[in-house]
Each structure stands twice: as structure tokens, then as C-alpha cells.
Amino acid sequence: MLITGTFIDEISHDIPHQNWGRKEWEADFRYMKMMGIDTVVVIRCGYRKWITYPSPYLIAQGCFSPSEDLIQMYLELAESFGMNLYIGTYDSGHYWDTGDLTREMEMNAKVIDELWERYGHMKAFKGWYISMEISRRTKGAINAFHTLGSQCKKVSGGLPTMISPWIDGKKAVLAASAQLQKEDAISLKDHESEWDEIFRGIQGAVDIVAFQDGHVDIEDLEGYLRINKTLADKYGMQSWTNSESFDRDMPIKFLPIKFEKMRLKLEAAETAGCTKAITFEFSHFMSPQSAYIQAHHLYNRYQEYKSAWLKKGYR
């Protein structure tokens with residue numbers, strides 16, 4: 001299985017900003033294209049007070065006005081390189097602080113309309129990413145995903161919507177924590193039961209589910225991905241994999257992943273029947289111009305893997 005999509009994490013809170021301008025971003029899109037990427041997903045259009053586009057609504061709520069309209073730039077670059085772009089919704093941070101999704105729904109009701117009004121005419125705008133991340137039966141999550149997904153589809157004439165939850169495995173610990181693992185990991189049985197309920201509740205409002213693949217041990221991953229694919233098929237959704245290109249096993253959070261780990265995760269996703277692999281995320285952890293030199297080497301190792309794979313006649 002080859003990676004054909006990536007998130008863009010321009011508004012980040014736990015990985016360093018690279019201070020790129022249009023020149024660097026254009027070079028990165030070129031590297032993405034060379035790797036075979038056809039889909040880019042802006043993981044969020046804003047986080048707390050930092051935003052990617054000059055939103056009158058969000059600025060009125062106290063957000064800082066950005067120096068450049070990044071959404072406009074990403075859409076222009078995506079069109080130039082023949083890629084599809086999914087725009088992520090806004091993350092106020094309130095849910096992370098309180099566990100309450102109410103504010104995310106209220107604010108995104110305005111943001112979704114604003115995004116479509118500003119960018120709906122652009123050719124590369126091909127879908128939506130609902131940026132709330134959950135792992136289990138988070139209170140109010142089904143209603144929030146269904147409400148926002150339905151609104152995205154309604155305003156845009158049915159463009160696809162995507163979510164990227166995580167599996168509540170042993171590595172599902174807070175980024176700010178010194179821990180690498182926890183004791184109370186979810187079982188396959190409970191994962192299937194809980195996500196059957198969630199899939200049922202978001203059916204019709206969410207089209208693509210791309211589970212993050214880094215929260216369980218590699219030898220256990222295929223079992224969870226098989227469940228995800230079975231449930232996606234049951235409820236008429238696409239099952240992608242979000243193959244994390246950073247390492248959750250290191251005490252330094254976060255560094256580019258060892259290539260062999262990525263290879264094994266991609267092989268598990270293929271065996272489980274996932275239909276597309278995207279990564280979080282190319283620019284920091286795989287790009288030849290990343291601030292991390294290990295990312296340059298990961299790009300080279302991946303390109304070698306891809307070349308060998310294609311020589312065998314696979315696509």
C-alpha cells in the first residue's frame with residue numbers, strides 16, 4: 001500500500017512551526033507530487049487564536065489576523081499540482097479543556113458557511129475534514145459529527161466529509177505526558193462495539209473514516225483495521241488509514257518514524273483492506289526540506305520502497 005495523501009498541519013500546538021512562505025510551500029507540494037500524493041487535507045483552519053485565513057467571524061471572536069491567507073494559497077497550489085484539497089474545520093480548544101463539544105458545533109456552524117462562501121468556487125476544493133478527534137464514545141461526539149458533517153455536505157452540494165479518530169490503545173497518552181504507554185487499552189471486542197454505535201450514528205453525514213494507526217502495537221494493528229473496514233462497509237463509508245510518519249515510541253515527542261515501522265503499518269493496512277493511505281504528516285516528518293534531517297532520509301527510503309513496489313506490478 002502506497003501513501004497517496006497527507007495532512008497539512010500549519011496551525012500546530014505540539015510540533016515546531018517551520019516558518020515557510022509560498023516558495024517553501026510550493027517546493028513541498030512538488031515533493032508531495034513526486035511521492036505520488038494526490039490528496040492534501042488541511043487538518044484545521046484554526047486552533048484557538050491562530051487561524052489560517054482572514055476569517056471575519058473568528059477575528060471578531062478574538063483570533064489573531066493571519067499575515068497570509070493560507071487556505072487560498074493551498075488551494076492554488078493544489079490546483080497547480082493536480083491535487084484534491086480537503087479543508088478542516090475550526091478547533092477552539094474548548095473541547096480539549098472541558099470535554100464539551102458544544103462550542104465546536106456553534107463556532108463551526110459559522111465557519112463552514114464562511115469557508116464555502118470564500119473558497120467554494122475554487123477547483124481544488126474537493127472535500128471537508130471535521131477536525132474533532134475522538135477515540136471512543138465521547139459524550140456528544142455522534143451528534144457533533146452528524147450535525148457538522150451534514151452541514152458541510154449541504155452547503156457544498158454533497159462534497160465528501162472525513163474524520164480521523166484514534167484507536168484507544170496502549171499508546172493513546174497525552175502528548176504533554178512523559179508516559180509512552182498506559183495500562184487500560186481497549187480490547188478488539190469493545191472497539192468493535194463502540195465504533196459500531198458511532199458509525200451507525202454518523203451514517204450519511206461522514207463519508208470517509210481514516211483511523212490513526214500509531215496508538216497500538218504494530219502486531220495488533222491489523223485486527224483493529226479489519227474491524228474498521230468491516231464497519232465502514234456495513235455503513236457505506238470508505239475506510240482509509242492515517243499512517244503516522246512520526247514515532248510514538250520515543251521519549252522525545254515527536255520525531256520522524258523509523259521506515260521499517262511505517263512499512264509494517266502500511267502492509268497491515270493493505271491486508272486489512274483499507275482503500276487509501278494518507279499520512280500525518282508529510283511536511284514535518286517526510287519532506288526533503290523538513291527541519292528534521294531524519295525526514296529527508298525517510299523520504300528517500302520511502303521512494304526506494306515505492307519504486308520496488310511498482311516494479312513488481314502493483315499500483
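Atoms considered below: every heavy atom in the structure, side chains included; atoms not considered: hydrogens, waters and symmetry mates.
- Counting only distance, with no hydrogens or angles, the side chain of T147 and the backbone of N143 share a donor-acceptor pair below 3.5 Å.
- At least one donor-acceptor pair closer than 3.5 Å links the side chain of Q18 to the backbone N or O of S283.
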Quiz item: Yes or no on side-chain contact (heavy atoms from CB on, under 4.5 Å) for T6 and I278, after CA distance, side-chain angles and deciding distance?
Solution: CA-CA 5 Å; T6 183; I278 62 175; 5.9 Å; no

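- Side-chain atoms of S290 come within 3.5 Å of backbone atoms of H284 as a donor-acceptor pair (strictly under, hydrogens ignored).
- Electrostatic pairing of K258 and D249 does not count as a salt bridge here, judged by no charged N lying under 4.0 Å from a carboxylate O.
- Defined by atom type and a distance below 3.5 Å, a donor-acceptor pair is missing between the side-chain atoms of S245 and E281.
- Of the possible donor and acceptor atoms, none in the side chain of E244 sits under 3.5 Å from a partner among the backbone N and O of T279.
- The hydrophobic clustering, which links ILVMFWY residues whose side-chain heavy atoms are closer than 4.5 Å, places M237 and I198 together.
- Using a cutoff of 4.0 Å between basic side-chain nitrogens and carboxylate oxygens, E267 and R263 are scored as salt-bridged.
- For K261, the NZ atom sits in a packed shell: over 12 heavy atoms of surrounding residues, nucleotides or ligands are nearer than 6.0 Å.
- More than 12 heavy atoms of other residues, nucleotides or ligands lie within 6.0 Å of CD in E260, so this atom counts as buried by the packing criterion.
- A side-chain donor from one of W240 and Q238 sits under 3.5 Å from a side-chain acceptor of the other.
- Taking the six-membered ring for Trp, Y119 and F125 have ring centres at least 6.0 Å apart.
- Less than 6.0 angstrom separates the ring centroid of F211 from the ring centroid of W195.
- Using a distance-only test at 3.5 Å, with no hydrogens or angles considered, a donor-acceptor pair links the side chain of K306 to the main chain of M35.
- A donor-acceptor pair shorter than 3.5 Å cannot be found between the side chains of W128 and T89.
- A salt bridge is defined here as a Lys NZ or Arg NE, NH1 or NH2 lying under 4.0 Å from an Asp or Glu carboxylate O, and K253 with D247 fails to meet this definition.
- Taking the six-membered ring where tryptophan is involved, the planes of F199 and Y235 are tilted, since the angle between them lies from 30° to 60°.
- For the residue pair Y53/E114, the side-chain donor-acceptor check at 3.5 Å is satisfied.
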Exercise. Go through the steps for E10 and H17 under the test side chain to side chain donor-acceptor pair (under 3.5 Å), then give the verdict.
Key: CA-CA 7 Å; E10 177 57 18; H17 201 285; 2.7 Å; yes

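- Interatomic distance, N84 CG to E79 CD, rounded to the nearest 0.5 Å: 11.0 Å.
- Closest approach of Q151 and I112 over heavy atoms only: NE2-CB, 3.8 Å.
- The two atoms that bring L188 and G223 nearest to each other are CD2-C, 3.7 Å, heavy atoms only.
- Of the N and O atoms on the side chains of N228 and S239, not one donor lies less than 3.5 Å from an acceptor on the other residue.
- Here the side chain of T52 pairs a donor or acceptor atom with the backbone of C45 at under 3.5 angstrom.
- Residues N300 and Y305 have side chains that never bring a donor and an acceptor to within less than 3.5 angstrom of each other.
- To the nearest 0.5 Å, the span separating NE2 on H121 from CZ on R118 amounts to 10.0 Å.
- Defined by atom type and a distance below 3.5 Å, a donor-acceptor pair is missing between the side-chain atoms of W166 and N242.
- Using cut-offs of 30° and 60° on the angle between ring planes, the pair Y299 and F282 is perpendicular.
- Judged purely by distance below 3.5 Å, without hydrogens or angles, the side chains of N19 and E24 never pair a donor atom with an acceptor atom.
- Between F64 and W50, the ring planes are tilted. Angles from 30° to 60° get that label.
- When each of Y31, Y74, F81 is checked for a ring-ring contact (aromatic ring centres under 6.0 Å, His included) with W25, only Y74 meets the rule.
- Here the side chains of N108 and L148 are in contact, with some heavy-atom distance below 4.5 Å.
- For the pairing with Y86, the side chain to side chain contact (heavy atoms under 4.5 Å, CB included) check across T39, T161, V42 returns one residue only, T39.
- A chain of hydrophobic side-chain contacts below 4.5 Å, direct or via other Ile, Leu, Val, Met, Phe, Trp or Tyr residues, connects L2 to M83.
- Atoms OH and CD1, on Y129 and I87 in that order, are 14.5 Å from each other to the nearest 0.5 Å.
- Heavy-atom minimum distance, I208 versus P160: CD1-CB, 4.4 Å.
- Nearest heavy atoms, K33 versus G82: NZ-O, 4.0 Å.
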Self-check item: Intermediate values then yes/no, salt bridge (charged side-chain N to carboxylate O under 4.0 Å, His left out), R248 and D213
Solution: CA-CA 10 Å; R248 292 187 179 273; D213 73 352; over 6 Å; no

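- The same ILVMFWY cluster, assembled from side-chain heavy atoms under 4.5 Å apart, contains both I227 and I167.
- Not a single donor-acceptor pair under 3.5 Å links the side chain of E26 to the backbone N or O of G21.
- Panel note: side chain Q212, backbone S164; a donor-acceptor pair is recorded below 3.5 Å.
- Remark: side-chain polar atoms of E270 are paired, donor with acceptor, to backbone N or O of M1 under 3.5 angstrom.
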Practice problem: Please test D207 against K153 for salt bridge (charged side-chain N to carboxylate O under 4.0 Å, His left out), starting from the C-alpha separation and ending with a verdict. | Solution: CA-CA 10 Å; D207 301 296; K153 295 177 76 65; 2.7 Å; yes

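- Using a 4.0 Å cut-off between charged side-chain N and carboxylate O, E304 and R301 make a salt bridge.
- Criterion: ILVMFWY side-chain heavy atoms under 4.5 Å apart, direct or through other members. Under it, F259 and L264 are not part of a common hydrophobic cluster.
- The nearest pair of heavy atoms linking S131 to I43 is CB-O, 3.2 Å.
- When hydrophobic clusters are built by joining Ile, Leu, Val, Met, Phe, Trp and Tyr residues whose side-chain heavy atoms come closer than 4.5 Å, directly or via intermediates, Y47 is grouped together with W20.
- Side chain of D217 to main chain of D220: no donor-acceptor pair is present (N/O by atom type, distance under 3.5 Å, no hydrogens or angles).
- Residues G88 and L115 come closest through the heavy atom pair O-CD1, 4.2 Å.
- Using a 4.5 Å heavy-atom cutoff, the side chains of Y57 and I51 are not in contact.
- Side chains of I257 and Q294 form no contact here, defined as non-hydrogen atoms less than 4.5 Å apart.
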